[in-house]
Enquirer: 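Okay, here's the structure, questions in a sec.
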Amino acid sequence: MDSCEVLIVGGGPAGSSCAWQLRRSGLDTIVIDKQTFPRDKICGGWITPAVLDALEIDRNEYGSSRVLQTITGFRTSCMGKRAVETMYREPISYGIRRFEFDDYLLRRSGARIYEGVALSSLERVSDHWVVNGQIKAKVVVGAGGHFCPVARFLGADARKEVAVVAQETEFELATQQRRDCSIQGEVPELYFCPDMKGYGWCFRKGNFLNIGVGRLDAHGLPQHASRFMGFLKNNRKLGVDVPTSLRGHAYLLYRHQQRDLVSDGILLVGDSAGLAYSQSGEGIRPAVESGLLAADVILSARGEYNQRTLSLYSNALTSQFGKVHDDWSVVIGRRIPARLIGSFSKLLLESRWFSRHVILDRWFLHRHDPALRFNPQ
Ligand SMILES: Cc1cc2nc3c(=O)[nH]c(=O)nc-3n(C[C@H](O)[C@H](O)[C@H](O)COP(=O)(O)OP(=O)(O)OC[C@H]3O[C@@H](n4cnc5c(N)ncnc54)[C@H](O)[C@@H]3O)c2cc1C
């Protein structure tokens, strides 16, 4: 039987960040993933600088052979209404391709990687776990995304949870399409639904275009997605035929998260823990930060991996992400009658001050939250 100190289920940003931090302190770590990397992941591929800073990624080195689109502004609007362009003096975001980014993080982590290996069984035997009947581990980290089997093992039932659903498509533009496409890489476009329960986006990343839409109410998504595609088509913004089918995936926003995240010798990170930011749906930064925080708590436990020592992780999440609370759409919905929300949101979205200081600086960019910094223990 193989053995390790920590076994991580899932090699996405949460799992590989956790592995990287553990390996920097020399802990024997295995990552298993049911897929073989590089693998695609349904995602817009927009990240904030805090992600690169927390992981100490050299922008020049990363960007030398992969897509790293610098973003210095955003165009925001209520779909079909006047757009506001907000520009910054420095890069405030980046566009990456998950196909490249996740593979880079996983390989760089220094962990032993078992690809094409799904979690099939998890058994507690005295003070350790036996994974798939083959690997002994003192700690198991669940990093398998929204439907993570380790989260299920701890009692999560995705069918009973309120998840956000988002859909996207990503494709490479041909030479003529690049000329015809009016979306600028440095200034992605966000189009909010009039009821403020979701938004569509157009991100251009190098030669790639990513279009998508996300909604808090899963049942309304198909109509909103087709309305958004119709809007893009009528406005001839893309310079390419508007795609007819999008690929979708569900995940939890932090404000809906009620999962148990810690047990004896177990922690959940990233989407498995339901940590995506409530206002923007950004999930990569919380995935990376929770992976690093989990690693820090595991290292501090110094081999005593019980519920008491590992529960420090829950405290660390609360101080990083705040208490679980209502997001802006719920607050707006409670204070303003439904029939007035459309006009109210149109007014707010046409305000330059609101677009910069609230939508972008607070909700999307989290400019008030500095990047996590850890030294190896
Ligand atoms: C359409 C869409 C657009 C999005 N756009 C953005 C965006 O632009 N920016 C942003 O920050 N966030 C975005 N998100 C959210 C973001 O994609 C997630 O929050 C993020 O990927 C979470 O990372 P993770 O490591 O927790 O999980 P994942 O990235 O989902 O990785 C989980 C890994 O676990 C593996 N796995 C699953 N089950 C098993 C198993 N049984 N055994 C072994 N391995 C398993 C999977 O193969 C996968 O590699 C978007 C989401 C969607 C749906």
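What you see below is based on every heavy atom in this structure, not just the backbone, and it leaves out hydrogens, waters and symmetry mates. Both ligands and their constituent atoms are indexed starting at 1 by order of listing. Throughout, numbering of the chain's residues begins at 1 and tracks the sequence.
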Enquirer: Should Pro149 be listed as contacting ligand 1, given a heavy-atom distance under 4.0 Å as the test?
Expert: yes
Enquirer: Is the distance between the ring centroids of Tyr191 and Tyr199 under 6.0 Å?
Expert: no
Enquirer: Can Arg152 and Asp157 be counted as an ion pair, charged N to O under 4.0 angstrom?
Expert: no
Enquirer: Salt bridge between Arg247 and Asp40, side-chain N to carboxylate O under 4.0 Å?
Expert: yes
Enquirer: Would you mind running through ligand 1 and noting each atom that sits below 4.0 Å from a heavy atom of Gly270?
Expert: 26 (O)
Enquirer: Heavy atoms only, cut-off 4.0 Å: how does His146 contact ligand 1, side chain, backbone, both, or neither?
Expert: neither
Enquirer: Nearest to atom 23 (O) of ligand 1 by heavy atom, Ala287, Gly15, Gly12: which?
Expert: Ala287
Enquirer: Have a look at Val297 and tell me which of Val262, Thr309, Leu310, Val139 forms a side chain to side chain contact (heavy atoms under 4.5 Å, CB included) with it.
Expert: Leu310
Enquirer: Distance check, rounded to the nearest 0.5 Å: His357 atom NE2 versus Trp363 atom CH2?
Expert: 14.0 Å
Enquirer: May I ask you to say whether Glu100 pairs ionically with Arg66, meaning some side-chain N is under 4.0 Å from a carboxylate O?
Expert: no
Enquirer: Pairs of nitrogen or oxygen atoms closer than 3.5 Å, one from Arg285 and one from ligand 1: do any exist?
Expert: no
Enquirer: Which atoms of ligand 1 are found less than 4.0 Å from any heavy atom of Lys41?
Expert: 17 (O), 21 (O), 28 (P), 29 (O), 30 (O)
Enquirer: Compute the minimum heavy-atom distance from Phe203 to ligand 1 and say whether it is under 4.0 Å.
Expert: no
Enquirer: Looking at ligand 1, is there an atom of it that comes within less than 4.0 Å of some heavy atom belonging to Arg247?
Expert: no
Enquirer: Do any nitrogen or oxygen atoms of Lys34 come within less than 3.5 Å of a nitrogen or oxygen of ligand 1?
Expert: yes
Enquirer: Quick test of your reading of the model: are Asp195 and Arg215 salt-bridged, counting only N-O distances below 4.0 Å?
Expert: yes
Enquirer: Less than 3.5 Å between some nitrogen or oxygen of Trp46 and one of ligand 1, yes or no?
Expert: yes
Enquirer: Taking 4.0 angstrom as the limit and counting only heavy atoms of Trp201, give me the atoms of ligand 1 inside it, by number and element.
Expert: 3 (C)
Enquirer: Quick one: does ligand 1 sit under 4.0 Å from the side chain of Val165, the backbone, both or neither, non-hydrogen atoms only?
Expert: neither
Enquirer: Kindly identify the option in Gly145, Gly116, Gly283, Gly274 whose heavy atom sits closest to atom 27 (O) of ligand 1.
Expert: Gly145
Enquirer: Hydrogens and angles aside, do Tyr114 and Gln134 bring a side-chain donor and acceptor to less than 3.5 Å of each other?
Expert: no
Enquirer: Show the atoms of ligand 1 that are less than 4.0 angstrom away from any heavy atom in Gln35.
Expert: 47 (O)
Enquirer: Is the Lys NZ or Arg CZ of Arg356 less than 6.0 Å from the centre of Tyr88's six-membered ring, within 45° of the axis?
Expert: yes
Enquirer: Determine, considering heavy atoms only, which of Leu253, Leu246, Asp33 sits nearest to atom 49 (O) of ligand 1.
Expert: Asp33
Enquirer: Consider ligand 1: state whether an atom of it lies below 4.0 angstrom from any non-hydrogen atom of Arg98.
Expert: yes
Enquirer: Would you verify whether the NZ or CZ of Arg24 falls within 45 degrees of the ring axis of Trp20 while also being under 6.0 Å from that six-membered ring's centre?
Expert: yes
Enquirer: If you measure every N or O of Gly44 against every N or O of ligand 1, does any of those distances drop under 3.5 Å?
Expert: yes
Enquirer: Heavy-atom count around Lys41 NZ within 6.0 Å, excluding the residue itself: above 12?
Expert: yes
Enquirer: Indicate, as side chain, backbone, both or neither, the part of Tyr277 found under 4.0 angstrom from ligand 1 when only non-hydrogen atoms are considered.
Expert: neither
Enquirer: Please list, in number order, the atoms of ligand 1 under 4.0 Å from a heavy atom of Glu168.
Expert: 1 (C)
Enquirer: Could you tell me whether Asp361 and Arg367 make a salt bridge, using a distance below 4.0 angstrom between a side-chain N and a carboxylate O?
Expert: yes
Enquirer: Under 4.0 angstrom from ligand 1, any heavy atom of Phe147?
Expert: no
Enquirer: Any atom of ligand 1 sitting under 4.0 Å from a heavy atom of Gly45?
Expert: yes
Enquirer: If you measure every N/O of Arg39 against every N/O of ligand 1, is any gap under 3.5 Å?
Expert: yes
Enquirer: If the cut-off is 4.0 Å to any non-hydrogen atom of Ala143, which atoms of ligand 1 fall inside it?
Expert: 32 (C), 33 (C), 34 (O)
Enquirer: Could you check whether Arg59 makes a cation-pi contact with Tyr62, meaning its NZ or CZ is under 6.0 Å from the centre of the six-membered ring and within 45° of the ring axis?
Expert: no
Enquirer: What atoms of ligand 1 come within less than 4.0 Å of a heavy atom belonging to Gly10?
Expert: 33 (C), 34 (O), 35 (C)
Enquirer: Do Val269 and ligand 1 have an N or O pair less than 3.5 Å apart?
Expert: no
Enquirer: On a heavy-atom basis, I'd like to know which of Val164, Ile42, Thr48, Ile284 is closest to atom 52 (C) of ligand 1.
Expert: Ile42
Enquirer: Between Pro13 and ligand 1, does any nitrogen or oxygen pair lie at a separation below 3.5 Å?
Expert: yes
Enquirer: For ligand 1, does Phe37 get within less than 4.0 Å through its side chain, its backbone, both, or neither, judged by non-hydrogen atoms?
Expert: side chain
Enquirer: Is the closest basic N to carboxylate O distance between Asp127 and Lys138 below 4.0 Å?
Expert: no
Enquirer: Could you tell me whether Lys34 and Glu115 have a side-chain N and a carboxylate O separated by less than 4.0 Å?
Expert: no
Enquirer: Identify the protein heavy atom lying closest to atom 26 (O) of ligand 1, giving its residue, its atom name and the separation to 0.1 Å.
Expert: Asp271 N, 2.8 Å
Enquirer: Among Leu268, Val141, Val131, find the one that has a side chain to side chain contact (heavy atoms under 4.5 Å, CB included) with Val150.
Expert: Leu268
Enquirer: Would you mind listing which atoms of ligand 1 come within a distance below 4.0 Å of any non-hydrogen atom of Val117?
Expert: 43 (C)
